[in-house]
Structures are given as structure tokens and as C-alpha cells.
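Here's the structure, in C-alpha cells; my notes come after.
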Amino acid sequence: MSERPLLQPVAAPFFEKNTLELARTLLGCLLVKETEEGVAAGFIVETEAYMGAWDRAAHSYGNRRTKRTEVMFQSPGYVYTYQMHTHCLVNVVSGREDIPEAILIRAIEPYIGTGLMFARRKVKEVKQLTNGPGKLTKALGITMKDYGRVFYERPLFIAEGFKPEQIMTGPRIGIDNTGEAKHYPYRFWVKDNPFVSRR
DNA sequence: CCATTGATGGTCT
DNA sequence: GACCATCAATGGG
């Protein structure tokens, strides 16, 4: 009998894809966080691509390099966390080194550690646990301390999941003041999944 | 069910 | 001091 752990991180080359392709590929994959409290994981069901230097909605627009965006210039697979108001949001760094692209994880479907998620979120309905980018980080225990980790190693990693039947595409959420970029169809989600943040 | 609004704190100029 | 890749509470249909 195999004693291999149930959840195994993907290998680093998994992230070596065109950013828009990776944003689609991440749908259905597991996002896993291991802490002292236990393991929590969910299937990614909604993502948004941020296309770096020429995308006005990206933090790295114009190759802007600051303490916050620094990790976006790393090789693909790095963890980019940043704070929005009182919430921590998590991104997968994409694009080769010095190409500052990233993919925001906007929603997951709880799979493992639902009890732990409820303890962290204090909501009543399962749906409310992880149907938004600030909600899922709190449910999984992802914080600014995860900035600069890599998604192909523990304790915060991507693992294989399911293959979505149908993927939907549309404009990104909450980026009204970015001119042309507002209309780019860089948001991806699993069709009819109840945990997608908006329909 | 949906739309609106106020609270919120770190980052960057 | 402005700007947000948000959330939860509220009030109406």
C-alpha cells in the first residue's frame, strides 16, 4: 500500500505557459494551504490574468517595479500576495523572469478542511466561505507572510484537480479606472459553478 | 433576489 | 493624501 501524501504539489514547469493559457489551466486545480491548524484546500473555479507591462490594470503596468510588485518579475510559479483594504489577495506569478505577469485567484470550491474554513470565516453558508478573492485567502489561512513563496512547494501549493467541462470568459472585476484594459476578457471561470464570485 | 454604500489600512507619490 | 484586483450590512422588489 502506498503511503504517499494525498495531495502533491505540481512540478515547477507546470507554470511555464502563456499567461492566458495558465489562467485557464489553473481552473479545476487544487489550491492547498498547510498550517499548524491543519490542511485546507479547494478547487480553483475563477481566475483573472494581469498582463504586465502593457496592461493598465496590472500593478506592474509600464514595468513598474516597487517593493510590492518585485515578485512579479520572478520566474513563473512564485506567490504574489498583496493587501487590498483589509484583505489579502493571492496571485500566481506568470511569464518568464522579468516579464511581470500574474493570475489572481478569485474563487475556489471547498474540498478539504471545510470545518477549519468555517472556524476562520465565521459564516453560515458554505458558499460564503470562498466565493471571493479576499474570502478564500482567509478561509485557507493565506497571509502576507506567503509573499515570495513558490506554488510548487509546501506549505502553499497547486495540486492536480478536475478538468472543467466548460470555461467561461469575460471582463475583469473591479478595475473601472483603467481605460481600454477595462474591457479585456481576462477573467475565466468554470461554467455554472456556485462558488464563482459573480455571474 | 439585486443594488448601493460605508469601513478599512497598506502602498506609492 | 489619493488610490484601490474587497466585503458585509442594509434596504428595496
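Residue numbers begin at 1 in each chain, while the letters A, B, ... track the order of the sequences.
Each of A:Thr86 and A:Thr66 lies near DNA chain B, and the nucleotide nearest A:Thr86 is the one positioned closer to the 5' end.
The separation between A:Arg198 atom CZ and C:dA5 atom P is 12 Å, rounded to whole Å. A:Asn131 has its CG atom 10 Å from the C1' atom of C:dC7, to the nearest Å. What separates CD of A:Gln83 from P of C:dC4 is a distance of 16 Å, to the nearest Å. Between the C1' atom of C:dT6 and the CE atom of A:Met144 lies a distance of 15 Å, rounded to the nearest Å.
Centre separation under 5.5 Å together with a plane angle under 30° holds for the ring of A:Tyr50 and the six-membered base ring of C:dA5, marking them as stacked.
Within 4.0 Å (heavy atoms only), A:Asn177 reaches sugar-phosphate atoms of the nucleic acid but no base atom. As judged by a 4.0 angstrom heavy-atom cut-off over every strand, A:Arg121 is placed among residues touching the sugar-phosphate backbone only. Among the protein residues, A:Arg64 comes within range of the sugar-phosphate backbone only, with heavy atoms under 4.0 Å from sugar or phosphate atoms but none that close to a base. Residue A:Ile173 is classed as a sugar-phosphate contact, given heavy-atom separations below 4.0 Å to backbone atoms only. In this structure, A:Arg68 reaches the sugar-phosphate backbone alone: every heavy-atom distance under 4.0 Å involves primed, P, OP1 or OP2 atoms, never a base.
Base pairing analysis places B:dC1 opposite C:dG12; the two distances defining the Watson-Crick or G-U wobble pair are each below 3.5 Å.
Listed candidates were C:dC4, B:dG10, B:dT13. Nearest to the side chain of A:His85 is C:dC4.
Both the sub-6.0 Å distance and the 45° axial angle are not jointly satisfied by A:Arg149 relative to the ring of A:Tyr78. With A:Tyr82 as the aromatic partner, A:Arg68 meets the cation-pi criteria of under 6.0 angstrom to the ring centre and within 45 degrees of the ring axis.
For the OP1/OP2 pair of C:dA8 and a distance below 4.0 Å, the side-chain nitrogens and oxygens of A:Lys135 include at least one atom meeting the criterion.
When only modelled atom types and interatomic distance are considered, A:Arg106 and A:Thr130 share no side-chain donor-acceptor pair under 3.5 Å. Side-chain atoms of A:Glu101 and A:Ser94 include no donor-acceptor pair closer than 3.5 Å.
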